[in-house]
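What follows is a set of notes on a single structure, which appears directly below.
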Amino acid sequence: MKRRDFLKNCVVAAKGFALSSYAFAAAGCALSGEPAQARSGRRRPNIVFIFIDDMGWRDVGFMGSQYYETPNIDRLAGQGMVFTNAYSNAPNCAPARACLLSGQYGPRHGVYTVDSSSRGQSRLRKLIPIENTTVLDSNIVTIAEAIRTAGYVSASIGKWHLGDDPQFGPIGQGFDVNIGGYSAGHPKKGYFVPYNNPELPDGPEGEYLTDRLTDEAINFIETNKNQPLFLYLPHYAVHTPLQAKEELIEKYKEKSGSNGQNNPKYAAMIESTDQGVGRIIDKLDELDLAENTIVFFFSDNGGVKNITSNQPLRGGKGMLYEGGIREPMAVRWPGVVEPGTTSDTPVIGVDLYPTIVQMTGAPTPDGKLLDGESIVPLLKGQDDWQREAIFWHFPAYLQGKAEGARDEHFRTRPCGAVRAGDFKLIEYFEDGDLELYNLKDDIGEQNNLVDTMPEKAAELHTLLLDWRKEVNAPVPTELNPEYDP
Ligand SMILES: [Ca+2]
C-alpha cells in the first residue's frame, strides 16, 4: 500500500470504527506488535469466496438477467455491495485464477492462457506467440499462504486448473484442504457421478457435482466453525459440458428466453449453483457465523457466446472486449459494507489478494509483490478511491468463431489492453492496430475512437507501454514461417 493510502485507511478506520480495534487493524494500521485478534478479543472474519466458472456479466438476476433465476445470489448481493465494473485479469480460466491467487498480473507468473498459446490454424497465425505456463510457480506466495500466518484454516473446493498436488495443486499452494482440485479445467467425465476426478471420490449414483461441492463446502464450514476459515469455492459450474438436473431443465424449457438468454440446460446449471449459494448462506446463519463472515461472489471470465448472451457487452469468453472480462461481483461484509450499495469503480482480480489480506489483518508476506490495490476503502463507502489504470496482457492465440470477435478465425489474437477512467484501449500485436472505446457512452464497444480522439489514444497507449516495461511483459514479434492467410 502506498503511504498516502495507508494513512487514509487508518483515518477512515479510526472514524468509522472507533469501538473496534479489530477494524482498525483490518484497515492495515498496526498499532503494536500484538496480533489483531489479541487486541480486540473479536475473532478474525471468515472469508467465503464463491468463484463461478464462465459466468457472464449478466448471468445473474442482480445484474439484470430476466431468464436465469438466482434468488439466493441476488439476496447475498443485496445484502452487500455490487461492483458493476469488476474485471477478471483474463478472458479465460487458468490465467484468471493464477492472477487471483497470486495477486499478480500475468507477466509475473507467465500463465497467460489455457494450455497452448498457439491455438488455431498455424497458417492463420502471423506471429509466434509467447509460450504459456500452465502451473503456478510454487515459489509464489498465494493468498492462502499469506493468511495462514494469521491463523486461518483454508480449503479449496472445486476447480483448480493450475497444476496437480502435491506440488502445484491447492495443498502445494498453501490450502489445508483440497477437494476436487487438480490440473483439469472442466469435469472430464461430466457433472454426474462417476466424475473420474482424482481429488474427489465418487458419491452415490446420480449425485450432481455442483451439489456435492456445496455439501463439501458446508461440511468444511461446520468442521471449522470455531476458528477463522477461508473457504475458496471455485465451482466447476457453469463451464461446459452443459449438464444439469432434468427437472430443472424442464422448468426452463417452459420459460421464454430474454435478451438472448434462452438455454435451458445452462439456466438449470445456474439454478443449481444458486441453490448451493443459498444453502451456504443458510448454514452461516444457522451456525451464527454470518455476522463475522465476508462473502465474495465473482466469476473468472465472461459468458460463452453461443451458450449465453452478454448483451449489451461485446463478445464473450476468450476476448478482451468487455463480454470476455467484465464479471458479476458482489461482496457482503456485515457491519462494514452498507447493504444494497453499488460501486461503479473498476476493480480487477489482482485487487482481491490485498483486499483479503487487509480484511483478515494478516501481514503482507515479506517481499511480496502485489499488483492490485485493496478495495476495502471502496467497501467502506469511500468513493474517491481510484487509481490510474488497470491492464491486460494476452500474447496468445485463441481459436474459434464467435459473435463479437474481431475476425472470424480467432476469438483473440495476441493483444493487450488498458482501462483508464471511462476509456479502454486495445492493442493488437500482429499489426499494431489500436481500438479506443469510451465505455461510459459505448459499453458495447462499437465506436472505435482512435481516429477521432488521437490524443486520448496516445495517452492510454503510453500507459500500456509503460506498464509492459514495468512488469517485463513479453510481446511476440517473431514471424510465423507457416503464416499464409
Ligand atoms: Ca472460466
Side-chain angles (χ1 to χ4, degrees), residues 49-60 63 68 73 86-102 106 109 111-117 119 132-136 156-163 170 180-188 190-191 197 209-210 213 232-244 263 265-266 269-270 272-273 276 296-310 313 315-329 348-350 352 392-394 396-400 402 404-405 411-412:
F49 197 104
I50 301 166
F51 199 35
I52 313 301
D53 195 358
D54 287 9
M55 177 176 258
W57 188 58
R58 275 197 48 250
D59 285 354
V60 283
M63 289 304 296
Y68 310 128
I73 296 168
Y87 289 97
S88 174
N89 277 95
N92 52 353
C93 313
R97 288 150 205 272
C99 295
L100 180 81
L101 292 160
S102 68
H109 47 69
V111 184
Y112 295 115
T113 186
V114 173
D115 301 329
S116 168
S117 53
R119 288 165 61 170
N132 188 44
T133 306
T134 57
V135 299
L136 191 62
S156 172
I157 298 178
K159 166 169 159 174
W160 182 253
H161 209 192
L162 293 170
Y182 67 116
S183 51
H186 62 275
K188 286 274 164 84
Y191 280 89
N197 179 325
L209 179 58
T210 303
L213 296 177
Y232 172 57
L233 179 60
H235 270 295
Y236 278 93
V238 290
H239 195 291
T240 55
L242 297 188
Q243 294 175 354
N263 186 313
K265 279 188 185 171
Y266 187 67
M269 291 176 82
I270 290 176
S272 285
T273 306
F296 289 79
F297 181 87
F298 195 33
S299 170
D300 71 334
N301 53 252
V304 178
K305 271 306 285 185
N306 59 356
I307 296 173
T308 189
S309 167
N310 302 308
L313 306 185
K317 179 179 180 179
M319 305 176 206
L320 289 193
Y321 293 121
E322 297 291 287
I325 52 177
R326 206 190 274 215
E327 310 304 328
M329 178 172 143
I348 187 164
V350 288
L352 301 179
W392 292 264
H393 190 62
F394 199 86
Y397 287 91
L398 263 188
Q399 83 285 20
R411 284 175 287 166
T412 298

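Counting convention: from 1, in listed order, for ligands and their atoms alike. In this text the structure is predicted, and so the values were computed from the model without any measurement.
Aromatic ring orientation, Phe296 versus Phe49: parallel (interplanar angle below 30°, classes split at 30° and 60°).
Between the CZ atom of Arg97 and the OG atom of Ser88 there is a distance of 9.0 Å, given to the nearest 0.5 Å.
Taking the salt bridge (Lys or Arg N to Asp or Glu O under 4.0 Å) definition, one finds that Asp54 meets it with Lys317, sequence neighbours left out. The side-chain hydrogen bond (donor to acceptor under 3.5 Å, both in side chains) check on Tyr191 picks up nothing, with sequence neighbours excluded. Remark: Asp59 pairs with Gln261, Tyr266, Thr308 by the side-chain hydrogen bond (donor to acceptor under 3.5 Å, both in side chains) rule, at least two apart or across chains.
Paired with His235 under the rule side chain to side chain contact (heavy atoms under 4.5 Å, CB included), one option of Thr210, Asp53, Ile157 passes, and it is Thr210.
Listed by chain and number, Asp53 OD1, Asp54 OD1, Cys93 SG, Asp300 OD1, Asp300 OD2, Asn301 OD1 are the protein N/O/S atoms closer than 3.0 Å to the Ca ion (ligand 1), with waters left out.
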